[in-house]
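Quick caveat: nothing in here was measured; it's all calculated off a predicted structure. Atom set for the values below is all heavy atoms of this structure, side chains included, hydrogens, waters and symmetry mates excluded. Quick note: residue numbers are just sequence positions, from 1.
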Amino acid sequence: MAQHSCLSLTMVAMVNTTYPHGLHNTSVNELPANNPMYNWSPEIEGIILSSISYGIVLIQIPSGYLSGIYSVKKMVGCVLFFSSLFNLFILLAAELGKTSVIVCVVQGITQMPGLISGVLCAFSLEFLLGPFIVLLLTGFISQFLGWPIVFYIFGVCGCALCLLWLILFYDDPKDHPSKISEKEFIMSSLAQQFSSSRQSLPIKSMLKSLPLWVISLGYFAAYWSSNIMTVYIPTYINSVLHVTIRENGLLSALPYLFAICDILAGQMADFILPRNILNTITIRKLFTTVGLLFPASFSMCLLYLSSSFHSTIIFLILASATRRFSVPGMIINALDIAPRYYGFLQGITNLTGITGGLIASTLTGIISNLSLATGTEVDPVICNNECAA
């Protein structure tokens, strides 16, 4: 997600016409003189920004197969290395043409979500504020050094992090040199896990499961809204508030400070459930409704607040924060209906959600292009967020 956020902000500096009706992108006046710029249409921007999602969709099944052959240490190390390596070639790809950029940005194909559990992903990528830090740094670097330096810096840092991963990470707790009680506890827990009997997947029952279909549709809507917010907030801020790239980075990063709403929502659900205030099904429905409808409602309010700087930022933050209430809703709902097969069901629902995300970002670019061509006042970001609801 951090790399995705980086690209969404640098796109503002890379493209000369990001405003509706072909207005000049005034934020580029503050950039270094040697900053390369390209006349890409909004449709091309949408395809480029969706390329990571295309790669993730394509690699879902192969990643599951390869993770059964190679160790986690090797898999994650290769993923981190190649993803960082592709970052170093973004400028070269942009000089060769938009098709090369699309191919290079498909570095998402090296970001295999099947290797990381949903809970760990939420904490490592969201709560630890990776996108927040990346957006802040990207804004400052783009303004003072130029956007190409952003990809070089993060590419080199990623390669260095890959080296640390290969040195410090161990595939098995018994291989770790430490001698602590926690190590014995983990090993005993794993022994019990592997000794449990395995059962074949009830694929036919899953396909006939209405709750699973509903959860998948919920993921589709949630990723639709989330991907638009992740990808297009910098472009929206640039076109509405007319700020510099440095200020854009700061404002785009603010919503990620409220990743703590993940934990807040989980604590609220855990407070309600044991006290029998609401049953499990009602809690899941309530938090899913809040996580889907509230962001769309706040996004719709942006239609009438574009002239107010502070109101626009506040409602962007509210839209981003409230979508996290879906975590104790549909995000963990599969654990209620089939805990034994939760990992497999999580893979299915994630794939459905990622598909929704890539369609949303691509469609947003198409709508922006049509709006530019016809001269109509249509905000594709707000329009697509309402579609998600």
Grab the two heavy atoms, one from Pro234 and one from Asn248, that are nearest each other, plus how far apart they are. O-ND2, 2.9 Å

Would you say that Tyr256 contacts Ser320 through its side chain, given a criterion of any heavy-atom pair below 4.5 Å between the two side chains? no

Side chains of Asn87 and Tyr152: do they bring a donor and an acceptor to under 3.5 Å? no

Looking at every heavy atom in both Leu316 and Leu302, which two are closest together, and how far apart are they? CD2-CD1, 3.7 Å

May I ask you to check if Arg323 and Phe325 form a cation-pi contact, with NZ or CZ under 6.0 angstrom from the six-membered ring centre and within 45° of the axis? no

So, Glu45 and Tyr38: side-chain donor and acceptor under 3.5 Å apart, yes or no? no

For the pair Phe154 and Cys6, evaluate side chain to side chain contact (heavy atoms under 4.5 Å, CB included) and give the outcome as yes or no after the intermediate values. CA-CA 9 Å; Phe154 287 124; Cys6 168; 4.0 Å; yes

Reported CG-to-CZ distance for the pair Leu335 and Arg340, which is rounded to 0.5 angstrom: 13.0 Å

Pairs satisfying salt bridge (Lys or Arg N to Asp or Glu O under 4.0 Å), at least one member in residues 278-300, at least two apart: Arg284-Asp336

Is the shortest side-chain heavy-atom distance between Phe309 and Leu251 below 4.5 Å? yes

Write down the atom of Met37, the atom of Ala13, and the distance for their closest heavy-atom approach. CG-O, 3.9 Å

Taking the side chain as C-beta and beyond, is there a heavy-atom pair between Leu91 and Glu95 under 4.5 Å? yes

In terms of ring plane angle, is the pair Phe144 and Phe140 parallel, tilted or perpendicular, where the classes change at 30° and 60°? parallel

Any side-chain heavy atom of Tyr304 within less than 4.5 Å of one from Ser311? no

Find out if a path of hydrophobic residues (ILVMFWY) with successive side-chain heavy-atom gaps under 4.5 Å connects Leu210 to Leu212. no

Decide yes or no for Leu135 and Leu250: does some side-chain heavy atom of the first lie under 4.5 Å from some side-chain heavy atom of the second? no

What orientation do Trp224 and Phe220 show, parallel under 30°, tilted 30 to 60°, or perpendicular over 60°? tilted

Phe298 and Ile317, any side-chain heavy atoms less than 4.5 Å apart: no

Look only at the side chain of Thr282 and the backbone of Leu278, and say whether a donor-acceptor pair between them is shorter than 3.5 Å. no

May I ask you to decide if Leu7's main-chain N or O and Thr10's side chain share a donor-acceptor pair within less than 3.5 Å? yes

Any idea which heavy atoms bring Phe81 and Cys162 closest together, and the distance? CB-SG, 3.7 Å

Straight-line distance of Lys73 NZ to Ile167 CD1, nearest 0.5 Å: 8.5 Å

For residues Val290 and Phe315: do they belong to one hydrophobic cluster (side chain heavy atoms under 4.5 Å, members Ile, Leu, Val, Met, Phe, Trp, Tyr)? yes

Any link between Ile354 and Trp213 through a network of hydrophobic side chains (Ile, Leu, Val, Met, Phe, Trp, Tyr) touching at under 4.5 Å? no

Do Tyr223 and Asn227 come close enough that some side-chain heavy atom pair is under 4.5 Å? no

Sorted by first residue and then second, give each salt bridge (Lys or Arg N to Asp or Glu O under 4.0 Å) pair with at least one member in residues 161-170; sequence neighbours left out. none

Going through the checks in order, is the side chain to side chain contact (heavy atoms under 4.5 Å, CB included) test met by Ile313 and His310? CA-CA 5 Å; Ile313 297 303; His310 294 95; 5.9 Å; no

Output yes when a side-chain donor or acceptor of Ser50 lies under 3.5 Å from a complementary backbone atom of Thr362, and no otherwise. yes

Which pair of non-hydrogen atoms, one from Ala269 and one from Pro328, has the smallest distance, and what is that distance? CB-CB, 3.8 Å

Yes or no on side chain to side chain contact (heavy atoms under 4.5 Å, CB included) for Ile331 and Phe287, after CA distance, side-chain angles and deciding distance? CA-CA 10 Å; Ile331 302 298; Phe287 280 90; over 6 Å; no

Might you point out which heavy atoms bring Gly77 and Trp165 nearest each other, and give the distance in Å? N-NE1, 3.6 Å

Rounded to the nearest 0.5 Å, what separation is found between the CD1 atom of Ile272 and the CD atom of Gln267? 11.5 Å

For the residue pair Arg246 and Ser142, confirm or rule out a side-chain donor-acceptor distance under 3.5 Å. no

Before giving the answer on side chain to side chain contact (heavy atoms under 4.5 Å, CB included), spell out for Val243 and Asn238 the whole-Å C-alpha distance, their side-chain angles and the decisive distance to 0.1 Å. CA-CA 6 Å; Val243 295; Asn238 183 54; 5.7 Å; no

Does atom CD1 (Ile281) have a neighbourhood of more than 12 heavy atoms from anything else shown, all under 6.0 Å? no

Look only at the side chain of Ser226 and the backbone of Ala222, and say whether a donor-acceptor pair between them is shorter than 3.5 Å. no

Between Ile233 and Ser8, is any pair of side-chain heavy atoms under 4.5 Å apart? no

Verify whether one side chain among Thr288 and Ser326 offers a donor that lies under 3.5 Å from an acceptor in the other. no

